[in-house]
**Q** 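Please read through the structure below; I'll follow up with questions.
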Amino acid sequence: MRILVVGGAGYIGSHVVKALLDSNIKVRVFDNLSTGQEINLFQTAEFIKGDILDSDALLNALDGVDGVVHLAAKKAVGESMEHPEKYAQNNITGTLNLLNAMVQQKVNYFVFSSSAAVYGMPKETVLDETVPVHPINFYGFTKLEIERFLGWYDRLKGIKFISLRYFNAVGYDETGAIKGLEKNPQNLLPIIMETAIGQRESFSIFGNDYPTPDGTCIRDYIHVSDLASAHVLALQYLTQNNQTQILNLGTGRGLSVLEIVKKTEELLNLSLNYRFADRRHGDPAILTASAKKAKEVLGWEPTHSDLENIIRSTYRVYQS
Ligand code: UFG
């Protein structure tokens, strides 16, 4: 099997590439290196520098490929509300180019990086895949739209897909194989780490008056190596069952912002400089996954996601 990993030089993409290579699957990476980094590339994977807006480059990259994992997307929620045009062009137009190129090259298996952002602000605090989808930011809208396009491409063109709705991706490969740090991170853990290594003076906790035990938001933090293993299983499932699925990827365990901060201080034996600030617009109080379906369908279970492992694996990369 040869798999094209679109966005394979990025944070999650590089972990997916590693998991595929570790399973003896041949990998070709396609990435424009806009946020992906050369340092994340593996010598044992082919690399094509190219952009998903370039249909000819995609046709070329898909030559001789059995399936595609697509992770090349813009993902900053705040930016998507300020510049929806960038998100429409990259996440929607770019993905449609990719699907059309797949149709032309007769590549029928597609694993899509979707997001818990498709759910918006649900009433439920533990989400399974039947919870109604009402994205409240443009980023989540782009992910949901692609899932809907995929439904049509499945029916009309026989593209079988697995859409993986990631919850909060965190952590780094424990063997130290992946070293690229995200530039201008917007997410909690990289911001905590930048503070821990002294690259950032302090950070804010957005809101301490949520209806949660300590007043800070609760999320479902899933180690990126666990996310990566789900992609390998998804490709195996597609080739064996030729069937489409939409699956949540999370642990089912909720952790508050303050719990993460305190655990980081304890494990790293340091004191972090932070203050409580106003709530961030659009943050739901609690978002956790039911990942029962991923277990049933793929036999997938997180094995890297305990908080200590998440913090230590991330700190190691930031420290070095
Ligand atoms: N937070 C802070 N301070 C910061 C950054 C974040 O307090 O400096 C808080 C947020 O308010 C939130 C929690 O930490 O309560 C997690 O925030 P992140 O920005 O790390 O992650 P989000 O839950 O907002 O979103 C992430 C991804 C989305 C994805 C979502 C799925 O960025 O793309 O997880 O659950 F859709």
Side-chain angles (χ1 to χ4, degrees), residues 7 10-12 35 71 73-81 87 91 112-122 124-127 131 133-144 146-147 163-171 182 184-196 199-224 227 247-264 272-291 305 307 310-311 314:
Y11 165 57
I12 301 177
T35 53
L71 310 103
K74 292 193 166 289
K75 65 169 178 95
V77 169
E79 186 194 40
S80 79
M81 300 298 272
Y87 282 68
N91 294 10
F112 178 57
S113 299
S114 187
S115 169
V118 299
Y119 294 112
M121 288 267 212
E124 299 80 353
T125 53
V126 180
L127 312 181
V131 165
V133 279
H134 296 295
I136 54 156
N137 51 61
F138 194 76
Y139 163 73
F141 166 79
T142 65
K143 293 290 175 183
L144 184 58
I146 294 302
E147 288 190 356
S163 183
L164 298 173
R165 292 177 175 170
Y166 307 158
F167 280 66
N168 290 57
V170 284
E182 286 197 279
N184 290 322
Q186 308 289 318
N187 295 114
L188 178 66
L189 205 64
I191 286 174
I192 289 178
M193 290 299 156
E194 287 188 354
T195 315
Q199 193 175 316
R200 182 188 287 263
E201 229 164 72
S202 66
F203 67 95
S204 299
I205 293 183
F206 300 133
N208 62 348
D209 57 353
Y210 283 97
T212 60
D214 65 23
T216 66
C217 287
I218 291 178
R219 294 287 179 276
D220 188 333
Y221 295 89
I222 173 91
H223 195 288
V224 68
L227 289 183
L247 305 172
N248 286 341
L249 294 183
T251 64
R253 166 207 57 192
L255 292 169
S256 76
V257 174
L258 214 44
E259 280 177 290
I260 296 199
V261 170
K262 298 275 177 221
K263 190 74 178 175
T264 306
L272 291 165
N273 192 7
Y274 65 88
R275 63 181 193 95
F276 291 108
D278 290 345
R279 291 182 177 194
R280 190 171 66 175
H281 185 61
D283 271 348
I286 304 176
L287 268 189
T288 56
S290 161
S305 292
L307 184 55
I310 285 170
I311 292 170
T314 312

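First listed ligand is number 1; within each ligand, the first listed atom is number 1.
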**Q** When you measure from the side chain of Ser305 to the backbone N and O of His223, does any donor-acceptor pair fall under 3.5 Å?
**A**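 Between the backbone of His223 and the side chain of Ser305 there is a qualifying donor-acceptor contact (under 3.5 Å).
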
**Q** Pairs in or reaching into residues 185-194: which pass salt bridge (Lys or Arg N to Asp or Glu O under 4.0 Å), with residues at least two apart or in two chains?
**A**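 Qualifying pairs, neighbours excluded: Glu194-Arg200.
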
**Q** Name the residue from Thr251, Leu307, Leu188 that meets the side-chain contact (heavy atoms from CB on, under 4.5 Å) definition with Tyr221.
**A**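 One option only clears the test, and that one is Leu188.
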
**Q** For Tyr210, what residues pass the ring-ring contact (aromatic ring centres under 6.0 Å, His included) criterion, not counting sequence neighbours?
**A**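 Listed in chain order: nothing, the list is empty.
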
**Q** Going by atom type alone, with no hydrogens or angles, which donor-acceptor pairs under 3.5 Å involve a side-chain atom of residues 133-141 and a protein atom two or more places apart or on another chain?
**A**
residue	atom	partner	partner atom	Å
Asn137	OD1	Gly140	N	2.8

**Q** Distances under 3.5 Å, N/O of ligand 1 against N/O of the protein: list each pair and its distance.
**A**
residue	atom	partner	partner atom	Å
ligand 1	3 (N)	Ser204	O	2.7
ligand 1	7 (O)	Phe206	N	2.9
ligand 1	11 (O)	Asp283	OD2	2.5
ligand 1	17 (O)	Arg280	NH2	3.4
ligand 1	19 (O)	Asn187	ND2	3.2
ligand 1	19 (O)	Arg280	NH1	3.3
ligand 1	19 (O)	Arg280	NH2	3.0
ligand 1	20 (O)	Asn187	ND2	3.2
ligand 1	20 (O)	Leu188	N	2.8
ligand 1	21 (O)	Asn168	ND2	3.1
ligand 1	23 (O)	Asn168	ND2	2.9
ligand 1	23 (O)	Arg219	NE	2.8
ligand 1	24 (O)	Arg280	NH2	2.7
ligand 1	32 (O)	Asn187	ND2	2.9
ligand 1	34 (O)	Asn168	OD1	3.3
ligand 1	34 (O)	Asn168	ND2	3.3
ligand 1	35 (O)	Asn168	OD1	2.8

**Q** Within the distance-only criterion (no hydrogens, no angle test), does the side chain of Asp220 pair as donor or acceptor with the backbone N or O of Ala289 below 3.5 angstrom?
**A**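 Looks like yes, one N/O pair under 3.5 Å.
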
